[in-house]
Amino acid sequence: MQREHAEPIINGPRGALLPPFIPLMRSPELMGHAQRMGEYLRYHGALPRKLIELAILIVAREWTQQVEWAIHAPIAIDAGISKSVVDDLAARRIPVFHDDDCQLIHDFCQELHRTKAVSDAIWDAATVRFGERAVVDLLGIIGYYTFLSIVMNAAQTPRPSSSVSPLV
């Protein structure tokens, strides 16, 4: 049963059974559902790659999730997030954005993490700028990467090598 649920991950856009899915192999059906959700959110969702990667980094920092940080910080930089923003997030400093879309994604994610809700002002700004589907996809990204963070933190999944430093 594990092979049946691992093959779509290996043969899909990820190209390998990556660390987030290793602990989930103990529940192959859950792993299969999770990977399909993640594949949609990362590769077929309504937000551009740069904003998806920023949201993933914010979640990884929130949970001090070393695996997601090691994997996604270099991807975020490649997608156009500045190294200074990545460094600020890692150090828990408020980044300076030169892109209004990134600022809005940051504010949305931070408000949700801080207050467990999103104010009407932030919600309205996000839906006007990105559309309702994209905002719901953003909530999916936050929830999905929170789920992966919880799983990997609990399973003590080892951090892969990376071009970025571990979170402290």
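As a basis for the values below, the full set of heavy atoms in this structure was taken, side chains included, without hydrogen atoms, waters or symmetry mates.
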Check whether more than 12 heavy atoms from other residues, nucleotides or ligands sit under 6.0 Å from atom CZ of R92, and answer yes or no.
yes

Between F108 and L139, does the side chain to side chain contact (heavy atoms under 4.5 Å, CB included) criterion hold? Intermediate values first, please.
CA-CA 9 Å; F108 188 103; L139 292 170; 3.7 Å; yes

If two hydrophobic side chains count as joined below 4.5 Å and joins carry through other members, does V128 share a cluster with L104?
no

For a 4.5 angstrom cut-off between non-hydrogen side-chain atoms, does L51 reach R49?
no

Find out if a path of hydrophobic residues (ILVMFWY) with successive side-chain heavy-atom gaps under 4.5 Å connects I22 to L30.
yes

May I ask you to decide if the ring planes of H72 and Y145 are parallel, tilted or perpendicular, using 30° and 60° as cut-offs?
perpendicular

Interatomic spacing from CD1 in I77 to CG in D87 - rounded to 0.5 Å
7.0 Å

Pairwise distance CG(L148) to CD1(I71) - rounded to 0.5 angstrom:
9.5 Å

Would you kindly confirm whether V135 and Y40 end up in one hydrophobic cluster when ILVMFWY residues are joined by side chain heavy atoms under 4.5 Å apart?
yes

With sequence neighbours left out, what residues match T115 under side-chain contact (heavy atoms from CB on, under 4.5 Å)?
E111, A117

Out of curiosity, L167 CG to W63 CH2, how far, rounded to the nearest 0.5 Å?
14.0 Å

I want to check something: taking the side chain as every heavy atom from C-beta on, are I75 and R42 in contact at a cut-off of under 4.5 Å?
yes

Tell me, please, which residues at least two apart from H33 pass side chain to side chain donor-acceptor pair (under 3.5 Å).
R36

Transitive ILVMFWY side-chain link Y144 to V136, under 4.5 Å:
no

Can you confirm whether R129 sits close enough to D100 that some side-chain heavy atom of one is under 4.5 Å from a side-chain heavy atom of the other?
no

Quick one, L41 and I52 - any side-chain contact, counting heavy atoms below 4.5 Å?
no

Is any side-chain heavy atom of Q103 less than 4.5 Å from a side-chain heavy atom of L54?
no

Are there over 12 heavy-atom neighbours, none belonging to E7, within less than 6.0 Å of that residue's CD?
yes

Taken to the nearest 0.5 Å, the spacing of I56 CD1 from E68 CD works out to 7.0 Å

For the atom pair CG (L47) and CD (E53), what is the distance rounded to the nearest 0.5 Å?
11.5 Å

Derivation and outcome, side-chain hydrogen bond (donor to acceptor under 3.5 Å, both in side chains), residues R93 and S84:
CA-CA 10 Å; R93 293 186 300 260; S84 65; over 6 Å; no

From CD (E4) to CD (E29), nearest 0.5 Å:
8.5 Å

Could you tell me whether the side chain of L24 reaches within less than 4.5 Å of the side chain of F147, counting heavy atoms only?
yes

Contact between F130 and I105 at the side-chain level, heavy atoms closer than 4.5 Å - yes or no?
yes

Are P20 and T157 side-chain neighbours, meaning at least one heavy-atom pair lies under 4.5 Å?
no

Distance-only, no hydrogens or angles: does the H113 side chain make a donor-acceptor pair with backbone N or O of C109 under 3.5 Å?
yes

Test your reading of the model: is there a side-chain donor-acceptor pair from D137 to the backbone of G45, 3.5 Å cut-off?
no

